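Numbering of ligands and ligand atoms starts at 1, following listing order. From a predicted model like this one, the values you see are computed outputs, not experimental measurements.
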Amino acid sequence: MSQTAPTQDELKILVAQAALKYVVPGEYLGVGTGSTVNKFIDALAASGIAFKGAVSSSLASTARMQALGIPVVDLTQVERMSVYIDGADEIDPKGCMIKGGGAALTREKIVAAQADQFVCIADASKNVAVLGAFALPVEVIPMAAPEITRRFKALGAQAVLRTVNGQTLVTDNGQYLLDVKGLQIADALFFENTVNQWPGVVTVGVFARQHAHVCLLGTAQGVQTILY
Ligand code: 5RP
């Protein structure tokens with residue numbers, strides 16, 4: 001009997017379901033952004049788990065959760081969360097990630113920093129040996145975008161301003177996004193610290209300080225749980 005390999009979409013649903021066991025009843029939960037998280041939000045709404053409320057990392061996730069009846073609480077009202085659940089564009093063997101494909105990296109990093117545990121949900125295509133094949137998102141203050149582009153060029157990389165439908169993308173925070181190709185990020189923490197200090201950088205999409213503690217990786221063999 002032949003079995004077809006699960007699609008990327010099916011793997012996303014699988015890890016979204018698996019993440020439900022990390023939701024702590026009676027507590028606040030941090031919720032990320034993206035297509036994998038959207039599957040998680042759908043599963044969460046259907047689960048009936050009585051958690052206290054969700055702290056959202058983007059306007060898009062807030063809208064989706066509110067439409068499904070999930071109570072969303074402002075981060076300013078919450079001191080700590082035990083768990084933050086989010087996707088990634090890439091994740092390396094130390095649990096360091098590239099994030100920001102969905103343009104929500106700044107709020108994702110802020111919410112993740114107030115959580116004790118980062119649970120990453122990803123399909124197997126996101127699992128990499130070294131970060132950098134995915135163009136690194138960097139949120140910047142608009143007036144600094146040309147100089148930050150030049151700094152990346154000096155590193156041998158190419159930064160491009162993200163656009164949507166021909167218009168410069170403006171983030172939830174009113175800033176611009178650069179997508180940077182041509183990087184190989186072996187020391188993620190050093191890279192994050194370095195780029196964070198460039199004037200005009202709001203957030204670099206390397207998550208080394210806020211690395212994942214757990215990754216639920218969707219593979220053809222099922223959900224693999226990786227601890228870091
Ligand atoms: C959004 C993110 C997402 O988590 C990341 O882009 C992965 O998204 P997807 O689940 O759609 O592949 O960082 O800013």
Exercise. Looking at side-chain heavy atoms only, is the closest gap between Arg80 and Gln114 below 4.5 Å?
Worked result: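 Result yes, sub-4.5 Å side-chain heavy-atom pair found.
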Problem set entry | Leu14 side chain reached by Lys39 side chain, heavy atoms, under 4.5 Å |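 A side-chain contact under 4.5 Å is absent here.
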Exercise. What residue and atom, counting heavy atoms only, is the protein's closest point to atom 3 (C) of ligand 1, and at what distance?
Worked result: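 The answer is Thr33 O, 3.2 Å.
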Exercise. At what distance is the nearest protein heavy atom to atom 1 (C) of ligand 1, and which residue and atom is it?
Worked result: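 Of the protein heavy atoms, Glu108 OE2, 3.0 Å lies nearest.
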Exercise. Just distances here: any N/O of Val37 and N/O of ligand 1 closer than 3.5 Å?
Worked result: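 No, no N or O pair falls under 3.5 Å.
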Exercise. Is Gly100 close to ligand 1, meaning an N/O of one under 3.5 Å from an N/O of the other?
Worked result: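 N/O-N/O distance under 3.5 Å: yes.
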Problem set entry | The one among Ser35, Gly87, Gly205 that brings a heavy atom closest to atom 9 (P) of ligand 1 |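 Of the listed residues, Ser35 has the closest heavy atom.
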Run the numbers for me: atoms of ligand 1, each under 4.0 Å from some heavy atom of [X], listed by number.
X      : answer
Gly102 : 1 (C), 2 (C), 6 (O), 14 (O)
Ala103 : 14 (O)
Gly101 : 6 (O), 13 (O), 14 (O)
Gly34  : 11 (O)

For this session: Return the set of residues passing side-chain contact (heavy atoms from CB on, under 4.5 Å) with Ala208 (not counting sequence neighbours), or none when no residue passes.
Result: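 Only Cys96, Ala188, Leu189, Glu192, Val206 meet the side-chain contact (heavy atoms from CB on, under 4.5 Å) criterion with Ala208.
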For this session: Return yes when Ala88 approaches ligand 1 closer than 4.0 angstrom through a heavy atom, no otherwise.
Result: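 In this structure, Ala88 qualifies as a contact of ligand 1 - some heavy atom is under 4.0 Å.
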Problem set entry | Between Glu139 and Thr171: side-chain donor-acceptor atoms closer than 3.5 Å |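 Side-chain D/A pair, Glu139 to Thr171: present.
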Problem set entry | Check: Thr33/Ser57 side-chain N/O donor and acceptor closer than 3.5 Å |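 Ser57 and Thr33 do have a side-chain donor-acceptor pair below 3.5 Å.
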Problem set entry | From CA spacing to verdict: side chain to side chain donor-acceptor pair (under 3.5 Å), Thr7, Asp9 | CA-CA 5 Å; Thr7 63; Asp9 217 47; 5.6 Å; no
Problem set entry | Mode of Ser58 contact toward ligand 1 - side chain, backbone, both, neither (heavy atoms, under 4.0 Å) |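 None of Ser58 does.
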